[in-house]
Colleague: 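Pasting in a structure now, in structure tokens, and then I'll have a few things to ask.
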Amino acid sequence: MRKSGWSVSPSPFLLTHPTISRMSLVIGLTLLPHIILLAVERNFTALSVIALSVAGSMLAELCIAFPSGKNKFGDGTAILAGILSGLLLPVTIHPLLVFLATFTGMLAARVLFGGPGSYWMNPVATVVSIVYISQASSFPPFLINADGVQTVGDAFGALRLDHFSQLSNDHTITASLNTFLLNFFGIKLPEGYITLFWNSPSPIPAFRYNIITLASSVLLIAMNIIDWIIPLFFLFSYGLSVWIFSLLPFGTGFFTGDILFALLTSGVLFVAFYVLPDYTTTPRTQAGKAISGIIAGIIAFMLCGPGGSPVGAAFTIVIANTVNPLIEYIENRHIATQGFKHEYAHKV
Amino acid sequence: MMRFIKFKRSFELIKFDAPPIHLAGNAFLPSTAIVPLLQHYGTPSVPVVVQGDRVKEGQLIARGTGMNSAHIHAPIPGIVREFRILPLPDAKKGLAAIIQLAGSFDILGRKEENFSWRFMAESEILRVLEEKGVVNTFEHAVPLAASMRSARNSGSPVLALRLFDSDPTCQLDSFLARNQLQTVLEGAAVLAKGLDAEKIYLLHDDNKWTGPDDSGLEEIFQKRKVSLLKVGKRYPSGNTRQVCALIREKKTVLIDPVTAISAFDAVIRNQPVIHRFVAVTGPALDSPAILKVRIGTPIGDIIEECGGFRTDPTRIVINGLLAGNAVYDLDTPVTKYTKSIHIMDNDTCPSYTVRDCIHCGRCLQVCPVSIDPMRLASAIRKEKLTGEQIKSCTLCQFCGCCAIVCPSRIPLHQIIRESCERRKGDIK
């Protein structure tokens, strides 16, 4: 008998999606520029926060995997969750708290909230929430205050009042963009937004490099690594809410909010593409995902307001994740009837 | 050439490389034929020869034992060396007769017969189909004569001929429908007569029917009513459940081009089923081709005839990449239900590890019958199936769409199929 050395597995032999390990790897690679830029800026405190967070996450994974005897590091999700948590924590936090909070948060989210693969609370958001509840003072305050907004009449103007330091080439880039691109559409970009895109002034690393987050999101959606429905509906509903209502309490009326400022200052973009679409915590149908995204957007508006919130985005995930099981419950009931409708259609 | 397959319920695409494939004629005769005694769903045939017997080409070597068993014939002349349990293309093991080539040929090289079937009685056609061991390979291989008798006895039977592959990567049925349409249609006409079919449906997936016109079809099918039905190209398409839903006739016998050609050979050429057309392709194969292969030929011999491996193969897949089986032994023989052999390399078919479900919902979004494969498989694993879930198992078409899109690589449809087979009694 001529034996071969190749493997035998059940069908199918053509697959359309990358494996979980590959998905984790690609997401990890898109986070690499954030880490490189932190290293270039010599922000070693932020790097040590990330390292401790990864260590805490891996230890938690080891504790979960040990009783079952399964190797859980193979798919890279523990490392990825550690990096994401580290990027969402402020650099001013005590290192021991980072490690303990990540370890506890990961363990709690994965064990108490349903076990590996079926937990309904996002571990990264859980970690940030634990840290905030334990040491709220380590988080920066809101970027803008009510007095500032009332004085100037817009959110970004209020930030400028508060010693906002622009990048040295912000003026040049803004002028070029206005002259060569935006002029054709009748739009004029005020100075300072380039700084918010490229290096937003925040002690939380994930909030800083919005342009990298945006570029990465294109790659992740194009490669079918993340679902586009949830981020799209989330950003749309949050943006719309900000535009319509955000400055209403300050007497400037409806439709005066600054969407760009809101998206670039609260870590909303980062959370929208890296944390919110976590498959484990979201509904499974496209309609369910859309509803979840819209609800998350509304929650984000309630917590972050016109922008500049340090933890609003993370708490948005926590609250949205408590709503998602309800959406999924309705979704499951709908699915159960769908199959039998199909059967009926065949019999007619 | 890169081809794309669309899902029925999703905009995602299955991408696969389909190099141009041509009919390369008869394959070399095997020096040793491995003839399994079970080449269809049902019970194995009982050998009528013993070790050391000399057999002629096309001689009966194992007799079917009932309704769900078909006769087996010697594909080559020779000496029965032994009976041995060997791996089969359906990933199971079974008893096979090992025949060593010796002696002269009674079919090969002789003038082909051309029997006038139009004057045969219906029962005579069924008897010939049974005698020649014809099996229906539409979905799972089953003895053809028995299923035709059953349909006939229930009155007003209908014949449906699918002229494309239910697994598009298989390519054989589409090839035969394109290149041997006359033989396929005549074989179907023989079966329509044997069935005394009221109506014949020709299912095709081309934008425009390129076969014989109405008068031509009328002549082939002896004035029986023939309907052309265009079926969508999205996967899955053309399986039993879908065709039955499309036709909405109660007693339908569904056949594919391979079965029609077998019927043509049995009734018109007076030949038992001793060979099969097999599409041999894949990125790790040197020269893809379609060969007319003797049953019992080891797949290793066929690969060798197609130039051998171009690169290191990772998997050898029988009967399509979406719904087929992987084999590990080059001595696995070609059987009556073998349609294609794919030799896959590491780039197109890498090894993977099955992980825990991540709850992405892709299986749900792609399922053509709107069941929930993830929850169903999870309930099966926990042995906590509800009555509703047991019922939804029966809706599954086992097309594998859920497993194709699964990033955790969970063989969802296989889990559901296995549970269905185990619980058949409960479902009834």
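None of these values were measured; they are calculated from a predicted model.
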Colleague: Please rank B/Gly400, B/Cys360, B/Ala323, B/Ala91 by heavy-atom pairs under 4.5 Å with chain A and give me the top one.
Modeller: B/Cys360
Colleague: Could you have a look at B/Ser378, B/Gly361, B/Cys367, B/Gly320 and say which one has the most heavy-atom pairs with chain A under 4.5 angstrom?
Modeller: B/Gly361
Colleague: Quick one: pull up NZ in B/Lys15 and CG in A/Leu14 and give me the separation to the nearest 0.5 Å.
Modeller: 10.5 Å
Colleague: Of the backbone (N, CA, C, O) and the side chain (C-beta and beyond), which part of B/His413 lies under 4.5 Å from a heavy atom of chain A, both, or neither?
Modeller: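 For B/His413, the side chain is the part near chain A, not the backbone.
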Colleague: Please check if the number of heavy atoms outside A/Trp120 that lie under 6.0 Å from its CH2 is greater than 12.
Modeller: yes
Colleague: So for B/Leu13, is it side chain, backbone, both, or neither that comes closer than 4.5 Å to the heavy atoms of chain A?
Modeller: backbone
Colleague: How about NZ on B/Lys6, more than 12 heavy atoms from neighbouring residues, nucleotides or ligands closer than 6.0 Å, or not?
Modeller: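 12 or below, so no.
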Colleague: So with a 6.0 Å cut-off around CD of B/Glu82, is the heavy-atom count from everything else above 12?
Modeller: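 Yes, enclosed.
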Colleague: Kindly compute the distance separating CD (A/Gln286) from OG (B/Ser10), expressed to the nearest 0.5 Å.
Modeller: 7.5 Å
Colleague: Which answer fits B/Leu364, side chain, backbone, both or neither, if we ask what part of it has an atom under 4.5 Å from a heavy atom of chain A?
Modeller: side chain
Colleague: How about A/Arg22: does its CZ atom have over 12 heavy atoms from other parts shown lying under 6.0 Å from it?
Modeller: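 No, because the 6.0 Å sphere around CZ of A/Arg22 holds 12 heavy atoms or fewer from other groups.
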Colleague: Going by atom types only, do B/Gln414 and A/Ser11 share a side-chain donor-acceptor pair under 3.5 Å?
Modeller: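 The answer is yes; a qualifying pair exists.
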Colleague: What heavy-atom pair brings B/His359 and A/Thr280 nearest, and what distance separates the two atoms?
Modeller: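 For B/His359 versus A/Thr280, the nearest heavy atoms are ND1-O, 3.4 Å.
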Colleague: Measuring heavy-atom distances to chain B, does A/Pro18 have an atom under 4.5 Å in its side chain, in its backbone, in both, or in neither?
Modeller: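 A/Pro18 touches chain B through backbone heavy atoms alone.
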Colleague: With side chain to side chain contact (heavy atoms under 4.5 Å, CB included) as the criterion, how do A/His17 and B/Cys406 come out once you've worked through the C-alpha distance, each side chain's angles and the decisive distance to 0.1 Å?
Modeller: CA-CA 7 Å; A/His17 288 87; B/Cys406 181; over 6 Å; no
Colleague: Side chain, backbone, both or neither: which part of B/Val317 has a non-hydrogen atom closer than 4.5 Å to chain A?
Modeller: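 It is the side chain, since no backbone atom gets that close.
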Colleague: For B/Thr353, is it the side chain, the backbone, both, or neither that has a heavy atom closer than 4.5 Å to a heavy atom of chain A?
Modeller: neither
Colleague: Given a strict heavy-atom distance threshold of 4.5 Å, which part of B/Phe398 is in contact with chain A: side chain, backbone, both, or neither?
Modeller: neither
Colleague: With rounding to the nearest 0.5 Å, note down the distance linking OG in B/Ser408 to CE in A/Met23.
Modeller: 8.0 Å
Colleague: Kindly determine whether B/Arg315 and A/Phe13 satisfy side chain to side chain contact (heavy atoms under 4.5 Å, CB included), including the steps that lead there.
Modeller: CA-CA 9 Å; B/Arg315 280 187 186 83; A/Phe13 302 95; 3.6 Å; yes
Colleague: To the nearest 0.5 angstrom, please state how far the CD1 atom of A/Ile20 sits from the CG atom of B/Asp356.
Modeller: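 If we round to the nearest 0.5 Å, A/Ile20:CD1 and B/Asp356:CG are 7.5 Å apart.
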Colleague: Looking only at non-hydrogen atoms, find the nearest pair between A/Leu15 and B/Arg409 and report the distance.
Modeller: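 A/Leu15 and B/Arg409 have their closest heavy atoms at CD1-NE, 3.3 Å.
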Colleague: Measuring heavy-atom distances to chain B, does A/Asn332 have an atom under 4.5 Å in its side chain, in its backbone, in both, or in neither?
Modeller: side chain
Colleague: For B/Arg362 and A/Asn224, which heavy atoms make the closest approach, and how far apart are they?
Modeller: NH2-O, 2.8 Å
Colleague: Could you report the tightest heavy-atom contact between A/Ser21 and B/Arg355, atom names first, then the distance?
Modeller: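 It is OG-NH2, 3.7 Å.
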Colleague: Do A/Arg284 and B/Asp372 have side chains that approach each other closer than 4.5 Å (heavy atoms only, starting at C-beta)?
Modeller: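 Yes. Closest side-chain heavy atoms under 4.5 Å.
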Colleague: State whether the number of non-hydrogen atoms from other residues, nucleotides or ligands found under 6.0 Å of B/Phe11 atom CZ is greater than 12.
Modeller: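 Open: at most 12 neighbouring heavy atoms sit under 6.0 Å from CZ of B/Phe11.
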